[in-house]
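Working notes, beginning with the structure itself.
Owing to the predicted nature of the structure, the values given are computational and were not obtained by experimental measurement. Every chain is numbered from 1 and lettered A, B, ... according to where its sequence line falls, protein lines coming before strand lines.
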Amino acid sequence: MLLAPVLGEPPREVAARLADELGGLLGDDLERVEVAGPGFLNLVLTDAWHQAALRSVLEAGERFGAGGVEHPERILIEFVSANPTGPLVAASGRHAAYGDALARILEHHGHAVDREYYFNDAGNQIRLLGQSVQARARGEDVPEGGYQGDYVAELAAAIPGAADADVDELARSAVDLLWARIKATLERYGVRFDEFFSERTLHSGSPSALDRALAVLEQSGHVYRSEGALWLRTTDFGDDKDRVVVRSNGQPTYLAADIAYMQNKRERGFERQMVPVGSDHAAYVREMKAAMAALGGDPDTVDMPLLQFVHLVAGGAVFAMSKRRGDFVMLDDLIDAIGVDATRFFMLRSSHDRTIELDVELARKQSRENPVYYVQYAHARIASMLRRLSEERVAAALAADWEGVSLEALERDLIKKLLAFPGEVAEAAGRRAPHRITGYALELAQDFTAFYEHCRVVGVTPEAVESFRVALSAAAQRTIALALGLLGVSSPDSM
RNA sequence: GCCCCCGUAGCUCAGCUGGAUAGAGCGACGGCCUUCUAAGCCGUGGGUCGCAGGUUCGAGUCCUGCCGGGGGCGCCA
């Protein structure tokens, strides 16, 4: 249809000529070719071609869909990065699932990925935590802007002598307890980090990493002094206003520390840094990209997807998640309610730029009809089916040549769906879109189930047909496991 | 006021660089277990893809404006 105006011929005639050419090029693989609709070409490939394709899927094994990237990069993905001033909340579950799945996808695609959790356990926020815990221990209200959640009272009760302890020491004890809890939550959630990076290290030494980053900015002429503060001229790089990096009282802002951290990542040799952040940090993305340019780097190597919020709903009523009252829903509570697999699957079902409406009551009550169980069920079914055969029989089926087996339409569909996996991985990696894999897993499970309902596998005759169907089922099982694995969701052998 | 994201079935959401009759799950209705897991399958019903223009042979997809929802516009993080 694109060629038609160029050649000055009707689209269907161009299509007919292309059909002839393709018929010659594809040779024996082509069963038939037809011109359809306004000028589409439908190529129907032979059973033998589909069988060869299945063979290639099986031969790829665990590496199916892997290593497709054209230009592998060293990537650092920093995510969650919640300060140890409270337990992880439900929204952190989205960040954790997203960052972790993205890391797995990028790795499978062929990149070298490091995962890092950045945190600040010094300064104002920590001191405020200590003051809040102490206030609770004394039965008083927490100070202005302090931490309100129930966990603060729990900390007060858990730390002996909290009412009279030194505030800084108390804060350290509270942080220790919170770290233990955060790390336990991440572990049960299946999220692993290569490093927990402390902001404090950016301030230590002389010159400190922060000093050196500011020196680079000064040298490149992108900072200036005004009203006693040091400003970064981010407007040179498309920001709508300049930003303070050192306050008039001499204290660096969080932005200065983040710039130093960004520079540190470059110095460690990462070609790309990915930092998924909450959508309330939208302005911050512009600042960081501007800062990267001011440092002499390429702003396009800073990738900061904006994750929209998670709204927890219970039976239609919105959970009020007020920061002031501190009545957040903790990630642990959400996992307790609906499980790790369902939580991750729900968090990864939608595009990151969409708000998630998660009905906890529904997810819990109807957990058995949850889409994640549908996919897992397909996997468990195959496992159960293959258990009926000996390992030798399965191995022989995979190696058989399936001679003369003619394919059902559903079998061709399933093979085509399997073949789509590498493209989906590439798509998910390129667009930073783990939810593509979620959708793919669902579609694959559906195609397998349709095949399963229609085509008897174990015990079907002749034996070559059984062999072929066993091989097809095994390939579907592995690919479902691979896809779920990229999401950090388990693939049970029985349910 | 300015900037960013979103608006698709009753609900929750997919829909890849513009392509054929817009899909899935849940909910509703009707069928299907003496055969590999019924956590399943088949069927029915359900849509002005927020609205209005524009570009194109072709628009849910691209452009402009408007409406609605969320977020941002700190010497807080």
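- Side-chain contact check for A:Thr234 versus A:Arg286: every heavy-atom pair is 4.5 Å or farther apart.
- For the pair A:Ser490 and A:Gln376, the minimum side-chain heavy-atom distance is below 4.5 Å.
- An OP1 or OP2 oxygen of B:G15 is reached within less than 4.0 angstrom by a side-chain nitrogen or oxygen of A:Arg436.
- The distance between atom NE2 of A:His281 and atom P of B:G72, rounded to the nearest whole Å, is 10 Å.
- Counting non-hydrogen atoms under 4.0 angstrom, A:Tyr374 reaches the backbone sugars and phosphates but no base.
- For the pair A:Leu306 and A:Val246, both in contact range of RNA chain B, the more 5′-proximal nearest nucleotide belongs to A:Leu306.
- In this structure, A:Leu386 reaches neither bases nor backbone, as no heavy-atom distance under 4.0 Å exists between it and the strands shown.
- Using a 4.0 Å heavy-atom distance criterion, A:Gln446 is classed as a sugar-phosphate-only contact.
- The P atoms of B:C29 and B:G23 are separated by 25 Å, rounded to the nearest whole Å.
- For the side-chain contact (heavy atoms from CB on, under 4.5 Å) with A:Phe345, the lone residue among A:Val340, A:Val372, A:Ile338 that qualifies is A:Val372.
- Counting distance only, with no hydrogens placed and no angle test, the side-chain atoms of A:Thr355 and the base atoms of B:C6 include no donor-acceptor pair under 3.5 Å.
- To the nearest angstrom, P of B:A20 lies 15 Å from CG of A:Leu41.
- A:Phe40 does not qualify as a stacking partner of the B:G19 base, lacking a centre-to-centre distance under 5.5 Å together with planes within 30°.
- With B:C75, B:G15, B:G71 as the candidates, the nucleotide lying closest to the side chain of A:Glu227 is B:C75.
- Below 30°, between 30° and 60°, or above 60°: for A:Phe79 and A:Phe193 the angle between ring planes is between 30° and 60°, a tilted geometry.
- Nucleotides B:C6 and B:U61 place their C1' atoms 15 Å apart, quoted to the nearest Å.
- We find that CD of A:Glu466 is positioned 14 Å from C1' of B:U35, with the value rounded to whole Å.
- Nucleotide B:A9 forms a pair with no other nucleotide shown, judged by Watson-Crick or G-U wobble geometry with both contacts under 3.5 Å.
- Listed nucleotides: B:C76, B:A39, B:C3. Nearest to the side chain of A:Arg286: B:C3.
- B:A59 and B:G74 are spaced 42 Å apart, taking the C1' atom of each and rounding to whole Å.
- Note on A:His435: only backbone sugar-phosphate atoms sit closer than 4.0 angstrom, heavy atoms only; bases stay farther off.
- Interface remark: the A:Tyr377 side chain does not form any donor-acceptor pair with the B:A39 base, using a distance-only criterion of under 3.5 Å.
- When the nucleotides B:U37, B:C73, B:G40 are ranked by their closest atom to the side chain of A:Lys241, B:C73 comes out on top.
- The partner of B:C51 is B:G65, judged by Watson-Crick or G-U wobble contacts that both fall below 3.5 Å.
- Among the atoms of the strands shown, none is found under 4.0 Å from any heavy atom of A:Phe346.
- Separating the C1' atom of B:C33 from that of B:U37 is a span of 11 Å, rounded to the nearest Å.
- Across B:C36, B:A77, B:G40, the shortest atom-to-atom separation from the side chain of A:Tyr452 is found for B:C36.
- Here B:U56 sits opposite no nucleotide as a Watson-Crick or G-U wobble pair (both hydrogen-bonding atom distances under 3.5 Å).
- Contact annotation for A:Arg388: backbone-only contact, meaning every heavy-atom pair under 4.0 Å involves sugar-phosphate atoms and none involves a base.
- For B:C32, the glycosidic angle deviates from 0 by more than 90°, giving an anti base.
- Counting atom types as modelled, A:Asp280 pairs no side-chain N or O with a base atom of B:A77 as donor and acceptor under 3.5 Å.
- No side-chain N or O of A:Ser351 forms a donor-acceptor pair with one of A:Arg436 less than 3.5 Å apart.
- For A:Arg354, taking side-chain heavy atoms from C-beta onward, the closest of the listed nucleotides B:C16, B:C6, B:C4 is B:C6.
- Comparing the P positions of B:A22 and B:G47 gives an interatomic distance of 12 Å, to the nearest angstrom.
- At a threshold of 4.0 angstrom between heavy atoms, the contacts of A:Asp493 include nucleobase atoms, whether or not backbone atoms are also involved.
- As rounded to whole Å, 10 Å separates atom P of B:C13 from atom NE2 of A:His311.
- To the nearest angstrom, C1' of B:G74 lies 10 Å from CD of A:Glu287.
- One P atom belongs to B:G45, the other to B:C4, and the distance between them is 43 Å to the nearest Å.
- Ring centers of A:Tyr374 and A:Tyr377: at least 6.0 Å apart, outside the cut-off.
- Using a 4.0 Å heavy-atom criterion, one finds that A:Ala229 contacts the bases of the nucleic acid, with or without backbone contacts as well.
- Checking each of A:Val167, A:Asp121, A:Asp168 against A:Ile126 for a side-chain contact (heavy atoms from CB on, under 4.5 Å) leaves exactly one that passes, namely A:Asp121.
- Taking the six-membered ring where tryptophan is involved, the planes of A:Tyr284 and A:His281 are perpendicular, since the angle between them exceeds 60° and thus also 30°.
- If A:Glu443 and A:Glu199 are placed on RNA chain B by their nearest nucleotide, the residue sitting closer to the 5' end is A:Glu443.
- Residue A:Ser494 is classed as a base contact, given a heavy-atom separation below 4.0 Å to a base.
- Under the Watson-Crick or G-U wobble criterion, with both distances below 3.5 Å, B:G43 is paired with B:C29.
- Across all strands shown, B:A14 forms no Watson-Crick or G-U wobble pair with both distances under 3.5 Å.
- Comparing B:G1 with B:C66, their P atoms sit 10 Å apart, to the nearest whole Å.
- Residue contacts for A:Arg243: at a heavy-atom cut-off of 4.0 Å it reaches no nucleic acid atom on any strand shown.
- Rounded to the nearest Å, the gap between the P atom of B:G7 and that of B:C49 is 14 Å.
- When heavy atoms are screened at a 4.0 angstrom cut-off, A:Asn42 is found touching base atoms of the nucleic acid.
- Put simply, CG on A:Asp240 is 17 Å from P on B:G1, counting in whole angstrom units.
- Residues A:Phe421 and A:Leu444 fail the side-chain proximity criterion, which asks for heavy atoms closer than 4.5 Å.
- Here the side chain of A:Asp353 is nearest to one of B:U37, B:C6, B:U12, namely B:C6.
- Note on A:Ser279: only backbone sugar-phosphate atoms sit closer than 4.0 angstrom, heavy atoms only; bases stay farther off.
- Put simply, CZ on A:Arg349 is 11 Å from P on B:C26, counting in whole angstrom units.
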